[in-house]
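Before any comments, here is the structure.
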Amino acid sequence: MAVQHKVAIVTGGASGIGRACAALLGRNGAQVIVADRDQEPARATCEEIRNHGGSAIDIACDVSDSKAVSRLIEHTKATFGRIDVLVHAAGICPRKPFLEMTDEDCRNVLHVNLDGTFYVTRDVARVMSVQRAGTMILITSDRGVHGSIDYAHYAAAKGGMIALTKSLALTMGKFGVTVNAVNPGLTDTPLGRAANPAWQEKMAIDVLGKVSEPADVAEMVLFLAGKGGGFMTGQIVGARMRYGA
């Protein structure tokens, strides 16, 4: 197994894409740290991994809190001695028309989605730069490329994550660390359904005629975390394509 015995942190691992990624990495032999601010569902993810013979622990972490992120990274390093893989899937996606958006609406989404990404990748990068090896995988969104009505704050944050991915790839290459993003588009998760009330209409614009499943995204993450992504960095891998995109 390409990720066997690797130490993998998955943020947002309590549900949706994060949970699918954590579960697949665990089934393939990684030691998984499931980080999420919702600890009970995170524990359920760990139980699922262990029921399939894998190894997992949960750590409560709100990625918008830099001190909580530091504790997560310090605890992981103290427990396992290293961090081989980061899958950063934590994020929020509240709907709000742009003309009605308050300062707080915008600030909250940017704080969790963009600031949180900075906190996590910075602290993980400091560990990986010393061990001179590692893989970072950020879960972004096609809204960061194409924009989005009623989700301008979310699109702006995801666009920032895409730029950060490319910048980190340039920065971390000399340390033997790869940094890539997976851009899944509309995915059948609780967050995706809540953000897209016209679900069937959204499905119709997909080239494949369907939305992606969390398991589809997880397979791409597994590829990047293993040998397949060993000489691939700074890339934004789309798991889905739209007509006219």
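This structure is a prediction, so every number in the text was calculated from the model and none was measured. Values reported hereafter were calculated over all heavy atoms of this structure, with side chains retained and with hydrogens, waters and symmetry mates removed.
- Inter-residue side-chain proximity for I73 and V127 is flagged as met; some heavy-atom pair is nearer than 4.5 Å.
- Y151 and Y154 have perpendicular rings, their planes meeting at more than 60° on a 0 to 90° scale where under 30° would count as parallel.
- Among all heavy-atom pairs drawn from I49 and A22, the shortest one is CD1-O, 3.4 Å.
- R82 and A133 make their closest contact through NH2-CB, 4.5 Å (heavy atoms, listed as atom of the first residue, atom of the second, distance).
- Connection of V130 to L168 is not established within any shared hydrophobic cluster, with ILVMFWY side chains joined at heavy-atom distances below 4.5 Å, either directly or through further cluster members.
- Counting heavy atoms from C-beta outward, I33 and F80 have side chains that approach closer than 4.5 Å.
- Rounding to the nearest 0.5 angstrom, the gap separating the CZ atom in R50 from the CD1 atom in I57 is 9.5 Å.
- The two atoms that bring A44 and R19 nearest to each other are O-NH2, 3.6 Å, heavy atoms only.
- Side-chain N or O atoms of S148 include none that pairs as donor or acceptor with a backbone N or O of A155 at under 3.5 Å.
- With a 4.5 Å cut-off on side-chain heavy atoms, N108 and I92 count as touching.
- The distance from atom CD1 of I236 to atom OG1 of T140, rounded to the nearest 0.5 Å, is 5.5 Å.
- Under 3.5 Å, the side chains of H111 and D115 contain a donor-acceptor pair of N or O atoms.
- One hydrophobic cluster, built from ILVMFWY side chains closer than 4.5 Å, cannot hold both Y119 and L110; they sit in different ones.
- Side-chain contact between D105 and P94 is absent, with no heavy-atom pair separated by less than 4.5 Å.
- With sequence neighbours excluded, the residues satisfying side-chain contact (heavy atoms from CB on, under 4.5 Å) with T178 are T135, N180, T233.
- Summarising the geometry of M128 relative to L86, their closest heavy-atom pair is CE-N, 4.1 Å, with the distance given to 0.1 Å.
- Under the 4.5 Å side-chain contact rule for hydrophobic residues, I162 and I137 do not share a cluster.
- With values rounded to the nearest 0.5 angstrom, E47 atom CD is found 11.5 Å from H52 atom NE2.
- Between P184 and V217 the shortest heavy-atom distance is CB-CG2, 3.5 Å.
- A salt bridge links R43 to E40: one of the charged nitrogens lies within less than 4.0 Å of a carboxylate oxygen.
- A pairwise comparison of heavy atoms in A42 and A14 identifies N-CB, 3.6 Å as the closest pair.
- Using a 4.5 Å heavy-atom threshold, the side chains of V7 and D84 count as touching.
- Screening L224, T165, L170 against V179 for a side chain to side chain contact (heavy atoms under 4.5 Å, CB included) leaves a single residue, T165.
- For the pair D216 and E219, the minimum side-chain heavy-atom distance is 4.5 Å or more.
- Note that CG of L164 is 11.5 Å distant from NZ of K158, once rounded to the nearest 0.5 Å.
- A salt bridge links E104 with R107: at least one charged nitrogen is closer than 4.0 Å to a carboxylate oxygen.
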